[in-house]
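Everything on this sheet refers to the single structure shown next.
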Amino acid sequence: MIEFYAVYVIVLRELKKFVRERSRLISTLARPLVWLFMVGAGLSRLVSPKAGMPYTQFIFPGILGMTILFSSIFSSISIIWDKEFGFLKEILAAPVRRSSIVIGKSLSGTAVSTIQTVIILMLFPVIGIKLTLAQILCTIGVSFLVAFSISSFGIVLATFYESYESFSVIMNFIVMPMFFLSGAMYPVRLLNAPLRIASSLNPLTYGVDALKNTVFTLREGPLSPDFSLGFDLLVIVLTSVLFVAVASRFFERKG
Amino acid sequence: MSAVIKVEHLTKKFGGLTAVDDISFDVEEGSIFGFLGPNGAGKTTTINILCTLLNPTSGRAFVGGYDCVREPHMVRKAIGIVFQDSTLDKDLTAYENLAFHAYIYGVGRAQVRERTEDALRFVGLLDRKDDLVKRFSGGMKRRLEVARGLIHRPRVLFLDEPTLGLDPQSRTNLWEAILELPERHGVTVFMTTHYMEEAEVCGRLAIIDHGKIIASGSPGELKKAIGEDLIFIKTTDNASARARIEELSGLKPEEKDGELLFTVQRAESVIPGLLKTLAGTVLSIRFERPTLNDVFLKLTGKEIRPEAQEDSSIKEEVRAYRRRH
């Protein structure tokens with residue numbers, strides 16, 4: 001029971017802070033909107049519709065993936081703040097399993113991330129996509145799973161860094177490449193072999209692909225998803241388990 | 001009484017730096033135990049090992065009968081900690097910080113509110129419970145941390161420099177709360193401090209320097225161990241009095257501000273003889289017992305001072321080491 005409460009209270013703390021910090025909600029929502037309506041709008045003039053799909057519609061699942069990516073990583077990186085301001089000690093000295101701490105932190109990121117993704121998802125009529133209720137619910141469910149795997153990945157990252165300054169390193173050298181190589185802006189199959197391999201090692205690739213599976217109905221052609229939804233979900237679940245296990249190990253380690 | 005903390009040959013190395021060097025000590029249940037030492041002596045490292053945040057290089061440590069390395073979970077349940085640096089979440093309210101702690105330490109849901117409010121009342125912060133911690137003064141934050149450390153009713157409360165950086169008024173308030181702990185809550189207190197008047201209150205003290213315990217005992221015992229009392233005497237004719245004292249005891253009194261001063265083993269048994277010898281010429285006579293400061297100075301060759309900012313090189317070294325590994 002104590003493990004359950006530990007998870008509960010860690011998530012509750014994050015949500016409380018999220019609600020109090022409005023600027024964070026606005027800034028994390030601004031990024032996908034900029035990409036969708038400014039970058040997407042420009043590129044759609046350059047890229048002609050393929051198989052009847054305009055470019056802005058093609059990148060929509062990718063933009064959902066982006067919302068999840070930034071919001072989840074940002075939330076997990078808050079562990080570095082907790083280290084800097086000492087609160088992590090308060091958590092680590094508690095008589096709870098290290099895995100409960102990691103799961104609590106991952107679910108914190110997941111919750112915050114899913115809320116924001118749902119807000120962006122609701123823009124689908126604006127860019128001319130038609131979704132059934134079933135599709136919407138499936139997309140939200142998939143977003144939740146993807147958010148969990150990316151949040152747990154973020155925690156693994158956060159264990160490597162001690163101070164706030166490393167934040168921009170993570171953003172520029174890990175998060176941005178993860179975004180571009182995820183298939184969000186173009187189909188992964190267009191890439192050359194080395195980049196395709198890099199992309200296949202990117203946990204977000206399967207997340208974006210899963211979102212393409214739930215948002216689009218088309219299953220063939222150049223803009224269709226690269227993998228089946230089942231395969232995507234399998235990879236997402238397995239990597240989540242792996243990241244939680246690895247992060248728990250790191251928290252167990254004591255100099 | 002039984003030992004609630006037992007430390008046996010504990011050693012902790014960070015690379016080439018030996019922060020704690022083969023120390024052993026016991027702390028009795030229900031006592032206030034003080035850890036006294038200059039900066040970088042190994043106090044915080046020892047606390048971190050006892051709190052299961054750090055594994056020792058060798059040696060063993062037990063808290064509440066549980067092994068700090070093998071049964072960290074049981075140790076964590078038995079202890080409360082007030083770290084040297086604040087570990088509060090400044091964006092949460094006082095109540096939220098404490099309730100978070102209650103949940104994560106397994107206080108049943110039904111009791112969270114009651115325990116949290118009791119703890120806040122104990123440190124006099126109940127009326128501020130819904131204020132964000134970032135609006136609190138340093139003293140209030142410290143008190144809040146002590147309250148938090150007590151919510152889950154630990155057997156041992158660790159306090160690492162609890163009054164560091166507090167104004168005298170806040171120190172007194174906090175200190176009053178700490179002194180009540182053993183009796184009112186049955187809590188054993190393990191603390192580190194730089195302040196002599198705080199060390200005086202501890203039932204037992206261990207003085208640590210360069211990672212080694214160089215003396216331990218009650219404040220009285222430690223003072224007795226370095227012995228010498230200082231006698232101050234003022235006479236109608238200091239010069240001849242000084243000659244008499246030299247002649248009789250072989251001591252060489254110094255003269256300062258019109259007083260002769262010299263050290264003896266036991267002042268109370270020396271003074272009657274002295275009065276007889278200098279019959280009629282003594283204007284005043286007094287003596288001083290050694291203070292803990294004298295004990296410290298004698299044992300370490302250093303004055304004890306609150307942690308200075310520029311003196312954190314060892315801390316930096318430890319941090320750098322932990323980053324690399």
Side-chain angles (χ1 to χ4, degrees), chain A residues 1-24 75 78-105 108 158-166 248 250-255, chain B residues 12-15 19 45 48-49 51-57 68-69 71-93 96-97 99-109 112 132-133 145 148-149 152 154 158 318-325:
Chain A
M1 209 53 186
I2 178 175
E3 305 296 334
F4 168 78
Y5 277 127
V7 171
Y8 162 76
V9 82
I10 289 172
V11 175
L12 189 67
R13 166 176 178 247
E14 184 79 9
L15 287 177
K16 280 198 164 151
K17 291 177 74 147
F18 178 69
V19 171
R20 276 174 207 167
E21 225 181 305
R22 299 269 159 70
S23 61
R24 186 170 144 197
S75 169
S78 71
I79 288 182
I80 299 179
W81 271 255
D82 285 347
K83 263 189 213 171
E84 195 126 306
F85 297 117
F87 196 76
L88 191 65
K89 269 194 191 167
E90 151 78 358
I91 301 178
L92 289 181
V96 291
R97 281 197 209 106
R98 308 296 97 165
S99 53
S100 301
I101 297 173
V102 174
I103 290 171
K105 271 284 171 189
S108 306
T159 58
F160 286 105
Y161 296 93
E162 288 283 326
S163 73
Y164 169 60
E165 291 93 70
S166 37
S248 306
F250 280 133
F251 276 139
E252 198 62 65
R253 196 187 55 159
K254 293 174 274 182
Chain B
K12 178 68 191 178
K13 292 181 181 163
F14 294 103
T45 303
N48 280 341
I49 294 172
C51 297
T52 75
L53 290 174
L54 204 59
N55 279 337
T57 308
C68 292
V69 177
E71 302 159 289
H73 204 82
M74 298 308 291
V75 172
R76 285 175 195 141
K77 276 192 179 168
I79 61 173
I81 317 161
V82 177
F83 293 103
Q84 192 168 332
D85 305 312
S86 169
T87 60
L88 295 163
D89 188 331
K90 295 173 196 64
D91 298 319
L92 295 181
T93 65
E96 286 166 347
N97 265 288
F100 180 94
H101 186 90
Y103 275 116
I104 209 165
Y105 273 81
V107 173
R109 200 190 174 110
V112 168
L132 291 180
V133 170
E145 286 189 281
R148 185 176 67 177
H152 56 287
F158 288 94
V318 170
R319 258 198 186 177
Y321 172 84
R322 298 201 67 188
R323 256 201 293 269
R324 286 194 302 271
H325 293 264

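Each chain gets a letter, A, B and so on, in the order its sequence line appears, and its residues count up from 1.
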Could you check which of A:Arg97, A:Arg98, A:Glu21 has the highest count of heavy-atom pairs closer than 4.5 Å to chain B?
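Greatest number of close heavy-atom pairs with chain B: A:Arg98.
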
(message) Below 4.5 Å, heavy-atom pairs only: which of A:Glu90, A:Glu3, A:Lys16, A:Lys89 has the largest tally toward chain B?
(response)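 So the answer, after comparing A:Glu90, A:Glu3, A:Lys16, A:Lys89, is A:Glu90.
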
**Asked** Do you know which of B:Thr87, B:Val107, B:Thr57 has the most heavy-atom pairs under 4.5 Å to chain A?
**Response**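 The answer is B:Thr87.
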
Winner by heavy-atom pair count (cut-off under 4.5 Å) against chain A, out of B:Arg109, B:Met74, B:Lys77 =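 The residue among B:Arg109, B:Met74, B:Lys77 with the greatest pair count is B:Arg109.
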
Shortest non-hydrogen separation from [X] to [Y] and the atoms involved:
X: A:Ala93; Y: B:Arg76; value: O-CG, 3.3 Å
X: A:Ile2; Y: B:Tyr105; value: CD1-C, 3.8 Å
X: A:Val96; Y: B:Ile104; value: CG1-O, 3.4 Å

- Message: Parallel, tilted or perpendicular: which one describes the rings of A:Tyr8 and B:Tyr103, with boundaries at 30° and 60°?
- Response: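 It falls in the perpendicular class, over 60°.
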
(message) I'd like to know if B:Glu96 and A:Arg20 make a salt bridge, using a cut-off of under 4.0 Å between side-chain N and carboxylate O.
(response)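 Salt bridge between B:Glu96 and A:Arg20, a charged N being under 4.0 Å from a carboxylate O: yes.
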
Under a 4.0 Å threshold between the charged nitrogen and the carboxylate oxygen, would A:Arg13 count as salt-bridged to B:Asp89?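 Salt bridge flag = yes for A:Arg13 with B:Asp89.
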
| query | Considering only heavy atoms, which portion of A:Tyr161 lies under 4.5 Å from any heavy atom of chain B: side chain, backbone, both, or neither? | reply |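 For A:Tyr161, there is no contact with chain B at all, as no heavy atom is under 4.5 Å.
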
Chain B contact via A:Ile10 - side chain, backbone, both or neither, heavy atoms under 4.5 Å: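 A:Ile10 touches chain B through backbone and side-chain heavy atoms alike.
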
Q) Going by heavy atoms in the side chains, are A:Phe87 and B:Asn97 under 4.5 Å from each other? A)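 Yes. Closest side-chain heavy atoms under 4.5 Å.
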
Q | Test item: B:Leu88 and A:Phe85 side chains (from C-beta on) under 4.5 Å apart, heavy atoms | A |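 No, too far: nothing below the 4.5 Å cut-off.
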
* **Interchain contact, B:Leu132 with chain A, by part (heavy-atom threshold 4.5 Å)** =>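 Only the side chain of B:Leu132 comes within 4.5 Å of chain A.
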
Chain A contact via B:His101 - side chain, backbone, both or neither, heavy atoms under 4.5 Å: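 Both parts, backbone and side chain.
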
Could you grab the distance from atom CD1 of A:Ile91 to atom CZ of B:Phe100, nearest 0.5 Å is fine?
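A:Ile91 CD1 to B:Phe100 CZ: 4.5 Å, rounded to 0.5 Å.
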
